[in-house]
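To keep things clear, I will list the structure first and then write my remarks on it.
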Amino acid sequence: MRGKWLHKLIGVQALTTPLYLPETEFKETGYFIHASTGSGQEGDSALLQTKIMSAKRECKVQCLQFYYFHSGNEYDELKIWIREFRDEQDTKGTFRLMGQITGQPTYHWQIHHVSLNASKNFQVVFEVRKGPGSSTGGFSIDDINLSETECPHVTLQIDDFERLLSTSAFETRIYSPRQYSKEGYAYRIAAILYQNFVGMFVQLLSGDHD
């Protein structure tokens, strides 16, 4: 069974989905896409696909960036596919799974990157699949961006940033997970909070290749 994606309005008068949104977002109006897993049977899914695009650069590397909010069951899935077409006569295309999100619901919008490698005309396809068990929410997606470049090696997302900046102890440090460069060096990103400004640093670490 195929489900539907809903085009929802973010705003005080139209916020009917059970999402947590920071107060600052209530001051503006915008839209996001939502697929509910609150009804239907296990295995039901809803597909959202982009228009057909073509890779312009010779490197054939793309980065898909989007924000998601997971308010469903921990077994619900958000899958990211690319659908490549051999030529203009190919109307079905070939699907390849490029990424998957599942697990515990989130309490903030999460930024997510998926590395793609399409070499032919293609579409990006988002699939939300209902898992076992009950759900009162689903998956929401916003701010989808596709660029012909490599995805970031590391992303440090700090939720409730303004509150943390004003209430945390002076020089509070927030670290990213350990990362490895292409040359094998270990490092992490550090954000140091100074109450009225923030400093960003890169710290070299010992690693598996030392």
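Basis for what follows: all heavy atoms, side chains included, without hydrogens, waters or symmetry-related copies.
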Which atom names give the shortest non-hydrogen contact between Ser140 and Trp109, and what distance separates them?
-> CB-CH2, 3.6 Å

Compare every heavy atom of Ala191 with every heavy atom of Leu156, then report the nearest pair and how far apart it is.
-> CD2-CB, 4.1 Å

Val198 side chain near Phe161 side chain, heavy-atom distance below 4.5 Å | yes

Short side-chain to backbone donor-acceptor contact, Asp142 and Ile144, under 3.5 Å | no

Heavy-atom pair with the smallest gap, counting every atom of Gln62 and Ala55 = NE2-CB, 3.9 Å

Short side-chain to backbone donor-acceptor contact, His70 and Gly103, under 3.5 Å = yes

pair Tyr107-Asp159: side-chain heavy atoms closer than 4.5 Å | no

In this structure, CG of Asn196 is separated from CG of Leu165 (nearest 0.5 Å) by 7.0 Å

With sequence neighbours left out, the residues meeting side-chain contact (heavy atoms from CB on, under 4.5 Å) with Lys51 are Met53

Residues in salt bridge (Lys or Arg N to Asp or Glu O under 4.0 Å) with Arg163, at least two apart?
-> Asp160

Would you check if Pro152 and Cys63 make a side-chain contact, meaning some heavy-atom pair closer than 4.5 Å?
-> yes

Short question: side chain of Arg57, backbone of Glu148 - any donor-acceptor pair under 3.5 Å?
-> yes

Look at the side-chain heavy atoms of Ile, Leu, Val, Met, Phe, Trp and Tyr, link any pair under 4.5 Å apart, and say whether Val124 and Met98 land in one connected group.
-> yes

Side chains of Phe66 and Val114: does their closest heavy-atom pair fall under 4.5 Å?
-> yes

Could you walk me through whether Lys120 and Phe85 pass the side chain to side chain contact (heavy atoms under 4.5 Å, CB included) check?
-> CA-CA 6 Å; Lys120 308 176 181 67; Phe85 302 89; 6.0 Å; no

Near Tyr75 OH, under 6.0 Å, is it more than 12 heavy atoms from other residues, nucleotides or ligands?
-> no

Please report the C-alpha distance between Ile189 and Val202 in whole Å, then the side-chain angles of each, then the deciding distance to 0.1 Å, and finally whether the side chain to side chain contact (heavy atoms under 4.5 Å, CB included) criterion is met.
-> CA-CA 5 Å; Ile189 304 298; Val202 176; 3.6 Å; yes

Rounded to the nearest 0.5 Å, what separation is found between the OG atom of Ser45 and the CD atom of Glu77?
-> 10.5 Å

For the atom pair CG (Asp143) and OH (Tyr67), what is the distance rounded to the nearest 0.5 Å?
-> 7.0 Å

Say you draw a straight line from CZ of Arg188 to CZ of Arg178; how long is it, rounded to the nearest 0.5 Å?
-> 8.0 Å

Please step through side chain to side chain contact (heavy atoms under 4.5 Å, CB included) for the pair His34 and Ser71, ending with a clear verdict.
-> CA-CA 10 Å; His34 178 76; Ser71 57; 4.2 Å; yes

Tell me who clusters with Phe170, hydrophobic residues only, linked when side chains sit under 4.5 Å apart either directly or through other members.
-> Ile192, Tyr194, Phe197, Phe201

Min side-chain heavy-atom separation His113-Ser115 under 4.5 Å = no

Would you say the side chain of Leu64 lies within less than 4.5 Å of the side chain of Phe126, judging by non-hydrogen atoms?
-> yes

Can you tell me how far NE2 of His153 sits from OH of Tyr180, rounded to the nearest 0.5 angstrom?
-> 15.5 Å

Search all heavy atoms of Asp76 against all heavy atoms of Ser135 and return the closest pair with its distance.
-> OD2-OG, 3.7 Å

Would you please name every residue forming a salt bridge (Lys or Arg N to Asp or Glu O under 4.0 Å) with Glu42, sequence neighbours left out?
-> none

Looking only at non-hydrogen atoms, find the nearest pair between Gly138 and Thr37 and report the distance.
-> CA-OG1, 3.6 Å

What distance separates Ile174 CD1 from Leu193 CG, expressed to the nearest 0.5 Å?
-> 4.5 Å

Does some side-chain heavy atom of Thr102 sit less than 4.5 Å from a side-chain heavy atom of Leu78?
-> no

Gln203 (side chain) donor-acceptor with Ala190 (main chain) under 3.5 angstrom = no

Using a 4.5 Å cut-off on heavy atoms from C-beta on, say whether the side chain of Phe32 contacts that of Phe69.
-> no

side-chain hydrogen bond (donor to acceptor under 3.5 Å, both in side chains) pairs, two or more places apart, involving residues 166-177 = none

Could you give all pairs that pass the side-chain hydrogen bond (donor to acceptor under 3.5 Å, both in side chains) test and reach residues 78-88, with sequence neighbours left out?
-> Trp81-Glu127, Arg83-Gln123, Glu84-Arg96

